[in-house]
Amino acid sequence: MSYLDTLNPQQLEAVKHTEGPSMVIAGAGSGKTRVLTYRIAYLIERGVDPFNILALTFTNKAAREMKGRIAQIIGDSEAKNISMGTFHSVFARILRHHSDKLGYPSNFTIYDTQDSRSLLKTIIKELKLDDKTYKPNLVHGRISSAKNNLISAAAYEANSDIVTEDRMSGKPRLFEIYKAYEKRCFMAGAMDFDDLLFKTNVLLRDHPDVLHFYQHRFRYILVDEYQDTNYSQYLIVKKLADVFQNICVVGDDAQSIYSFRGANIENILNFKNDYPECVTFKLEQNYRSTKTIVNAANSIIAKNKDQIHKTVWTDNDSGNKIKVIRTLTDNEEGKVISNLIYELKVNEQAANADFAILYRTNAQSRSFEEALRKLNLPYKIYGGLSFYQRKEIKDLLAYFRLTANPNDEEALKRVINYPKRGIGKTTVEKIIVAANQYEVGMWDVLINPGKYPVGLPGATQNKINTFITAIKSYAVDLEKVDAYELAQSIARSSGILKDLYDDKSPEGVARYENIQALLAGIKEFTESVGENETAYLSDFMVDVALLTDADEEKEEDLDKITLMTIHASKGLEFPYVFIVGLEENLFPSQMALNSRSELEEERRLFYVALTRAEKKATLSYATSRYRWGNLITSEPSRFIEEIDTEFLEVNNPTRGSGRSLNQVNLERKVGIPGKKVFSDKQRKLKKIGAADAKPKSGTPANKLDLKVGYNVKHEHFGKGKVVGLEGDPPVKATVFFPKVGNKQLLLKFARLEIVE
DNA sequence: CTTGCAATGACTGAT
DNA sequence: TCATTGCAAG
């Protein structure tokens, strides 16, 4: 029982209280994950069958990490049997088991956000509605939140409040879109993300035998990040826990940041009402951060009205004050922060992985990328578009999806004319019209031209026949050959591989490599199953829609500076944290200024960001930044002034230090933009510390004034001559290298030197 | 049917 | 700024 000795009294109590409902309110950095993992280990040690444990998390990463830690304590073979994962992945698996009860095939497709939006776009067009009034994004959000509140399309239409609301906002036909969307997803054998939870509710509601089975299977239920559950998730958990009531929820209301996704903070605030017997444990000792950081964070969150009272404290050192940095532009912000990181690395012998730059929106990453690249500081960006969302990957996956489920219309539309085979937009539209007319799916129309005539020219019909024959032939192999073999053969015979191979542009090469990486991943998957088993492509496809690239931790990424949104940073910690872009209308986001509750969510987001830091936190803002290509001035975020001044150190690299916080406040309130604009030269002189670390060889070529005919030198290809330029100013160059021939180089990345 | 160019609107957040 | 969409010409 030695592992229990490492817990403090509150943690230990929470671990040992195994029977009956309990709630653990865990302040930031208070050892929440430890409590969860030890609790599971403790249960198993006391004789609970891992098979009877359900542990739900919000990210695959959290699930995997926890599983790993449990395996360390109780061993791999036991840990394997725990049902642990994200809500979406756990219930997707259960749904596949019982899909027939809902009228779905077991190999139903999971539509990601892109697929959902694309389908909605199609529907809006078909209904002849204006896509400016009915913006696919907004419509999707509306449908999504309906589903998260368990409102079906029929219930939506029947709900006069909702319908009135839509009519008032000028979108009276929204319910029609929802109905069509629901129907089309069903016909396509597809569920979107929200369906995975919605349909689980339907399954448990309409099939008491299924409910009974899982209620008795999952005798012990644990939910991580309970403050982020939405109604749909809440109800699933409540139903499953109803018999044994051995439910333990862990969360921190102060870190609830997903209400935009339907998360309902009330779930944690009202837990006691649902389970009067509930025992509450508060973990208030922070083991992560310095006193300064903990207290500063407390001073911020105290401004929120809605919260469960708790006092987070720490025994750690006071540590440094929180630096506040002002810069003139977003680009300068990138440079200054990068320089600071360089300095800290040298002075404190820190590793790259000790640093994180956190921002509100993904779009802010650019200036930091550029600056870090110039200093040769390796970094890794999380979020943005993940590996599985890249076009070429989605294209190939669409072939796989279509092979497994020919009714998957989003996949069909994606690949019916990619690579180009002469089946154009008009043809596809005709097919869709016919499909709607006969009330069948597109695939049915394609394979039954006799039954559902479309009236296509013979040549086009032949092309279609070739296409469907190919897909059918893949489908035959679906459970015959292993995943890798089939994947490879599809990639080759579909023409994707050749299409990308023929594209010799740098982007094309990258795409080709991505496809190879995907195939390598499938190969690994194929080899991961036991000797006597075969992994089929459909097995690979089961979870692929739920993966995000944060799940792929590559070895070469181990020692890199982390760039991510604050949302993505939840649950992580770093010795040095930089929270950037602290400006009004950016953070807090201008979308959040309408109501107190939205603003409070932004404040919690800031709280999350600050509490990621172990040793040092730095805040920064720019007085002007580019947005949609034009320069706008911005004021410092109100959150800066909400921190007690005793925790802050305000200095300003571009103007020397010593500005008082009052000046920050003044500027925020009055909105004085950066008063004096320094020229680039002056600014360079003011750079601090290691500002001018030398790039390894050559300068990023987009900083050079290249002209056709110049002789240049490249670190790999040697000397060459510029023979062509694209863009004004140039972004891409064709360079002839005697050794390797013509090469297309993206100037943003290529390091070139001009030589005589 | 495809291609290439001009016009346009998007930036919260993520399973 | 960037990616997507609409339109005209081949």
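Letters A, B, ... are given to chains in the order of the sequence lines, protein chains preceding strands, and every chain is numbered from 1.
None of E410(A), K413(A), E429(A) except one satisfies the side chain to side chain donor-acceptor pair (under 3.5 Å) rule with T122(A); the exception is K413(A).
Classified by interplanar angle (parallel below 30°, tilted 30° to 60°, perpendicular above 60°), the ring pair Y214(A)/H98(A) is perpendicular. Ring geometry for F368(A) versus Y359(A): interplanar angle under 30°, hence parallel rather than tilted (30 to 60°).
Between E601(A) and R604(A) there is a salt bridge, with a side-chain nitrogen of the basic residue lying less than 4.0 Å from a carboxylate oxygen of the acidic one. Using a 4.0 Å cut-off between charged nitrogen and carboxylate oxygen, K32(A) and D252(A) do not count as a salt-bridge pair. Between R414(A) and D408(A) there is no salt bridge, since no side-chain N of the basic residue sits under 4.0 Å from a carboxylate O of the acidic one.
Look at CD on Q114(A): it is 13 Å from C1' on dA14(B), rounded to the nearest Å. Put simply, CD on Q364(A) is 9 Å from C1' on dC11(B), counting in whole angstrom units. Between M84(A) atom CE and dT15(B) atom P the separation is 18 Å, expressed in whole Å. Atom CZ of F387(A) and atom C1' of dA14(B) are 19 Å apart (whole Å). Residue D130(A) contributes atom CG, which lies 11 Å from atom P of dG9(B) at whole-angstrom precision. Spacing between atom CD of Q389(A) and atom P of dT4(C) amounts to 13 Å, rounded to whole angstrom units. Atom pair Q233(A):CD and dA14(B):P shows a separation of 16 Å (rounding to whole Å applied). In this entry the distance linking NZ of K570(A) with C1' of dA14(B) reads 11 Å, nearest Å.
Two rings, from Y104(A) and F186(A), have their centers less than 6.0 Å apart.
Closest contact between the side chain of K121(A) and the listed nucleotides dT3(B), dA10(B), dT4(C) involves dT4(C). For K135(A), taking side-chain heavy atoms from C-beta onward, the closest of the listed nucleotides dA14(B), dA10(B), dT2(B) is dA10(B). Here the side chain of T59(A) is nearest to one of dT2(B), dA14(B), dT15(B), namely dT15(B). Comparing dT1(C), dA14(B), dT5(C) by their nearest atom to the side chain of H567(A) picks out dA14(B). The side chain of F260(A) lies closest to dG13(B) when the candidates are dT15(B), dC11(B), dG13(B). Considering only the side chain of T113(A), dT15(B) comes nearest among dG13(B), dT15(B), dT2(B).
The side chain of N417(A) places an N or O atom within less than 4.0 Å of a non-bridging phosphate oxygen (OP1 or OP2) of dT2(B). Between K420(A) and dT3(B) there is a side-chain polar atom (N or O) within less than 4.0 angstrom of OP1 or OP2. Residue N362(A) has a polar side-chain atom (N or O) positioned under 4.0 Å from OP1 or OP2 of dG13(B).
Between the S367(A) side chain and the D330(A) main chain, a donor and an acceptor come within less than 3.5 Å of each other.
For dT15(B), the base has no donor-acceptor partner in the side chain of S89(A) [N/O atoms by modelled type, under 3.5 angstrom].
Residue F58(A) is classed as a sugar-phosphate contact, given heavy-atom separations below 4.0 Å to backbone atoms only. At the heavy-atom level, Y258(A) lies under 4.0 Å from the strands shown only through sugar-phosphate atoms. Residue N630(A) is classed as having no contact, given no heavy-atom separation below 4.0 Å to the nucleic acid.
Nearest-nucleotide positions on DNA chain B place W628(A) closer to the 5' end than the other of W628(A) and A568(A). Position along DNA chain B of the nearest nucleotide to N137(A) versus R261(A) favours N137(A) as the more 5'-ward residue.
Of all the residues in residues 597-610 of chain A, not one reaches under 4.0 Å from DNA chain B with any non-hydrogen atom.
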